[in-house]
Amino acid sequence: MSKIKIITDSACDLPEEYEAAHDNLDILPIPITIDGKGYYERRDFGPKKFYELLHQASQIPSTSHITNIQFAEEYQKAAEEGYTSIIVITITSRGSNMYQAATMAKDLFFEDCPQYKDTVGVYVLDSGTYTVGYGYAIKKAIDMIEEGKTAEEIVPWLEEYFARVEIYFAVFTLEYAKKSGRISAAAGFVGDVLGLRPIISIIDGETKIVEKVRGDKNVPGKLADWYMKRSAVPNFEYCTVTGEAEDFIEPFHRALEQRIGYPPYMTYPIGASIAINAGPKVLAFIVLGEDRRKK
């Protein structure tokens, strides 16, 4: 009988309570440096505490990827606990070396523990996305495990999902995006002084400004419009991510529900790894578009 473990990194933004409720899920904390001091996301702070640290920091914090040695140790631990399949899902390889480290760790694990070569399968997937873009997929994979699905059934579902998932988000300042340099679409945007706010897409890890909205109050509705423009899967359990944009969260969710007909499946605060680059004042949703593998 198969026994499946999911391993991921903390940029998935799934809450600690969810991880604690599932023994077959390990969310590895991403190292973060703030003004020369080292921290671990989730272990040392939650989202709200990190927003405070971010505002107080004299320079943009930096993140490091989880090493191949750490991943290999997690694979070995899972094997020793009797897991026969290990599914590893990482933040997009366009924004981090996490996927490469997890892939290298697979070879390292089997070199150090050859006794598991014929009994343990390790599947490493590049999500191509951020935050609940793969956090949602992890939750669905856990559901599939609980339904008795095998890794050979779950992995193809994840691959199709990652070939469809798109993120659309709005930020109310580009201060963090421009300082970090990690959101390339923001580099040439000069609309701040004109009261323009960009709506940015993330598809396969690539960012692109898709619309410029004049006035903060118009952002929730215009952002929600993009769900209807991009949705290719009816009745999808869409998810949202929010941060310190408290005045706009309710209008944003109301605008989405008016257009789609039902509320989000889940909504979580944006985590440290993403807030560093986008800033904490953000609204975002995930949607399933056309399968990009068919193009």
Ring center gap for H55 and Y51 short of 6.0 angstrom: no
For the ring pair F285 and Y238, is the centre-to-centre distance below 6.0 Å? no
For the pair [X] (side chain) and [Y] (backbone), establish whether a donor and an acceptor sit closer than 3.5 Å, ignoring hydrogens and angles.
X    : Y    : result
R43  : Y39  : no
T33  : G36  : no
K3   : E81  : yes
K281 : V171 : no
Y40  : I30  : no
E19  : I27  : yes

Take I260 and Y227 through the test side chain to side chain contact (heavy atoms under 4.5 Å, CB included) and record every step on the way to the result. CA-CA 8 Å; I260 303 168; Y227 188 97; 3.4 Å; yes
Report the C-alpha distance between Y168 and E166 in whole Å, list the side-chain angles of each, state the deciding distance to 0.1 Å, and finish with yes or no for side-chain hydrogen bond (donor to acceptor under 3.5 Å, both in side chains). CA-CA 7 Å; Y168 289 81; E166 303 176 11; 2.7 Å; yes
Applying side chain to side chain contact (heavy atoms under 4.5 Å, CB included) to E74 and not counting sequence neighbours gives I7, D26, L28, K77
Mind checking the [atom1]-[atom2] spacing from [X] to [Y]? Nearest 0.5 Å is all I need.
X    : Y    : atom1 : atom2 : value
E111 : K106 : CD    : NZ    : 13.0 Å
W157 : F162 : CH2   : CZ    : 7.5 Å
N68  : E73  : CG    : CD    : 10.0 Å

Might you work through the side chain to side chain contact (heavy atoms under 4.5 Å, CB included) test for M98 and F71, ending with a clear yes or no? CA-CA 9 Å; M98 213 85 70; F71 274 115; 3.9 Å; yes
Strictly by modelled atom types, are [X] and [Y] linked by a side-chain donor-acceptor pair under 3.5 Å?
X    : Y    : result
E237 : Y136 : yes
Y99  : D9   : no
Q100 : T103 : no
Q56  : E52  : no
Y123 : E152 : yes
H253 : Q258 : no

Following the transitive rule for hydrophobic clusters with a side-chain heavy-atom cut-off under 4.5 Å over Ile, Leu, Val, Met, Phe, Trp and Tyr, establish whether F236 and L223 coincide in one cluster. yes
Around atom CG of D118, are there more than 12 heavy atoms of other residues, nucleotides or ligands at under 6.0 Å? no
Kindly check if the number of other-residue, nucleotide or ligand heavy atoms within 6.0 Å of NZ (K222) is above 12? no
What pairs with E160 under side-chain hydrogen bond (donor to acceptor under 3.5 Å, both in side chains), at least two apart in sequence or on another chain? R164
Minimal non-hydrogen separation, I249 against G243, with atom names: CD1-O, 4.1 Å
